[in-house]
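These notes concern the structure reproduced below.
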Amino acid sequence: MLSPADSLAPEWLVVPEDVNDLANGVWPASATRDGDGALVLGGVSVQALARTYGTPVLVLDEDEVRTRARAFRTAFDAATAAHGTTAQVYYAGKAFLSATVARWVIDEGLRVDVCTGGELEVALAAGVAPASIGFHGNNKSTAELERAVQVGVGSIIVDSDIEIERLAAITARTGAVQRVFVRVISGVHAETHDFLATAHEDQKFGFALPDAETAVARIRELSGLDFAGLHCHIGSQIFGVAGFRESASRVLELHERLLDGGPVPQMNLGGGFGIAYTRIDDPTPIDELAAEIVASVADGCEARGIAIPALSFEPGRAIVGTAGVTLYEVGTTKDVTIESGAVRRYVSVDGGMSDNARTALYGAQFSARLASRVGSDAPQLSRVVGKHCESGDIVVDHEYLPADLVPGDLLAVPATGAYCVSLSSNYNHVPRPPVVAVRGGESRVIVRGETIADLLSRDAGIDVANDSDGSRPSTPEGAR
Ligand SMILES: Cc1ncc(COP(=O)(O)O)c(C=O)c1O
């Protein structure tokens with residue numbers, strides 16, 4: 001029988017047998033609990049992490065990132081080798097980009113995809129070879145394109161006729177020859193568990209398939225541009241292979257027609273590989289996905305009697321998402337009686353939508369666990385909320401947490417490695433937390449947390465140097 005509180009739970013959320021367990025696949029492989037029940041990540045206890053760096057803090061498990069990067073590399077190498085071609089795997093930096101993470105993925109044999117001048121500079125500063133960088137974006141400025149061509153990025157994924165002309169002018173001026181892909185919209189919308197194929201798209205990215213033909217013809221007229229192939233990205237957090245297959249088959253139709261006008265050596269099928277945010281998410285293992293996607297391209301090529309192109313992929317979330325765990329401190333709890341008589345517990349933490357906008361932005365689901373100890377009481381349906389002045393400031397919409405959770409406890413939200421730091425803000429003048437890497441029992445800051453001083457320094461109306469009575473809080477605790 002459902003208790004009144006459980007009637008507020010969504011259907012997919014079951015009452016856990018153990019409210020302290022760490023669901024398989026949702027946490028980094030290193031996650032465990034120590035003898036006192038505290039969560040341990042990469043061999044470092046969350047108590048130690050919170051003491052050293054304060055909360056909130058995003059903890060990134062280096063081995064998890066490296067293992068996943070390697071798994072992608074190996075899976076696509078094997079899958080393409082089986083069909084006589086090759087694969088390049090680009091880490092989609094938009095998921096989370098810092099110099100350290102860029103170096104990890106490069107170390108594991110990946111390339112890096114960037115989509116703004118800022119991301120490009122981080123990759124370059126990290127020492128990523130320009131030839132290993134792919135540059136995306138629907139509105140790259142002339143300055144961004146000039147910089148990309150000047151440093152010699154491996155490829156630019158062009159998104160509009162105007163961009164082609166910008167590149168034509170730059171390469172004519174500099175004498176450079178720039179390799180480009182043409183981004184197309186295949187009309188396949190991949191959703192988490194399903195996909196929807198439409199003929200027309202009403203969105204800002206890429207060229208509709210018929211328009212792409214004209215774009216490629218124009219590129220081929222330009223001596224400064226070297227056409228590499230088509231690019232297509234169908235969405236994010238995709239679990240199955242059906243959407244990739246359908247999209248690849250549509251892109252292949254155009255690919256074949258383009259062969260009449262010259263070589264089309266490559267095809268980039270984008271990213272979008274899903275991860276588990278809660279225990280019900282069950283992403284297909286990457287080696288299976290890789291084998292099926294590559295086989296579908298190979299079959300399509302064989303049916304058309306054309307050579308299989310070299311393939312590229314751009315996973316972001318699937319490399320870094322599961323490696324991240326955000327630690328918060330619980331500040332208040334409040335039991336709110338809903339009209340039905342059911343009670344929902346609100347657990348307020350010391351961060352929120354400024355460090356994790358995904359719940360507010362996309363209605364994303366996350367899970368959470370009491371991290372500083374094991375809870376001893378029964379599961380209590382809870383909603384984890386932040387400290388921002390916004391009722392939509394929800395971090396975890398629905399989760400069972402121990403009923404004896406109290407202020408001062410540490411709460412861990414797993415699978416926050418992707419699109420949390422990238423989308424973070426200073427809403428309500430809350431400083432952005434540090435990112436701390438853990439590995440083999442050691443921890444280190446890889447992105448410094450912001451200080452109040454950082455925030456004040458951007459306000460031209462504040463004399464930052466003048467803190468006459470020394471009362472201004474500067475650096476929160478730890479290494480921020
Ligand atoms: C062109 C392109 N490639 C790759 C990605 C990475 O997607 P994901 O992080 O879901 O793998 C995105 C995400 O929006 C994208 O737009």
Side-chain angles (χ1 to χ4, degrees), residues 60 64-65 68-69 71-73 75-76 87-97 101-102 105 110-116 119-120 123 132-140 148 153-160 163 180-186 188-193 195 201 203-207 212 228-241 243-244 247-248 251 266-277 281 283-284 286 289-290 293 311-324 357-358 361-362 364 415-423:
L60 202 60
E64 188 75 20
V65 175
R68 284 171 174 263
F72 266 87
R73 177 80 248 167
F76 279 107
Q88 293 174 344
V89 180
Y90 288 78
Y91 167 62
K94 70 204 75 177
F96 171 72
L97 193 62
V101 167
V105 297
L110 269 52
R111 297 167 176 238
V112 175
D113 121 32
V114 299
C115 67
T116 62
E119 288 186 357
L120 174 61
S132 296
I133 297 177
F135 190 18
H136 273 281
N138 65 299
N139 184 19
K140 306 176 195 80
V153 298
S155 56
I156 294 180
I157 296 85
V158 297
D159 207 280
S160 67
E163 186 182 346
V180 296
F181 282 82
V182 168
R183 180 162 178 174
V184 297
I185 312 158
S186 66
V188 174
H189 295 234
E191 303 295 340
T192 299
H193 298 285
F195 76 90
E201 282 276 351
Q203 54 124 319
K204 70 175 185 172
F205 290 112
F207 292 86
L230 300 173
H231 173 286
C232 186
H233 170 81
I234 55 172
S236 211
Q237 186 56 1
I238 302 163
F239 283 169
V241 78
F244 286 108
S247 179
V251 173
Q266 302 192 39
M267 180 184 290
N268 186 326
L269 292 173
F273 307 92
I275 62 167
Y277 284 96
D281 295 331
T284 312
I286 188 55
L289 270 182
I293 293 170
L311 298 175
S312 355
F313 299 88
E314 298 169 338
R317 182 193 315 269
I319 304 289
V320 83
T322 314
R358 291 193 65 254
L361 203 56
Y362 308 122
T416 54
Y419 302 107
C420 288
V421 174
S422 320
L423 288 168

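Each ligand, and each atom within it, is numbered from 1 in the order the structure gives.
The aromatic ring centroids of His231 and His136 lie less than 6.0 Å from each other.
A salt bridge is absent between Glu119 and Lys94: the closest approach of a Lys/Arg side-chain nitrogen to an acidic carboxylate oxygen does not fall below 4.0 angstrom.
Residue-level contacts of ligand 1 at the 4.0 Å heavy-atom threshold are Ala92, Lys94, Asp113, His136, Arg183, His231, His233, Ser236, Gly271, Gly272, Phe273, Glu314, Pro315, Gly316, Arg317, Tyr419.
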Hey, mind stepping through Phe313 and Phe72 against ring pair (Phe, Tyr, Trp, His ring centres under 6.0 Å) and telling me if it holds?
CA-CA 9 Å; Phe313 299 88; Phe72 266 87; 8.7 Å; no

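Between Tyr277 and Arg317, the side chains place a donor N or O and an acceptor N or O closer than 3.5 Å (distance only, hydrogens not considered).
To the nearest 0.5 angstrom, Glu314 atom CD is 9.5 Å from Leu269 atom CG.
At a threshold of 4.5 Å between non-hydrogen side-chain atoms, the residues Gln88 and Tyr90 count as touching.
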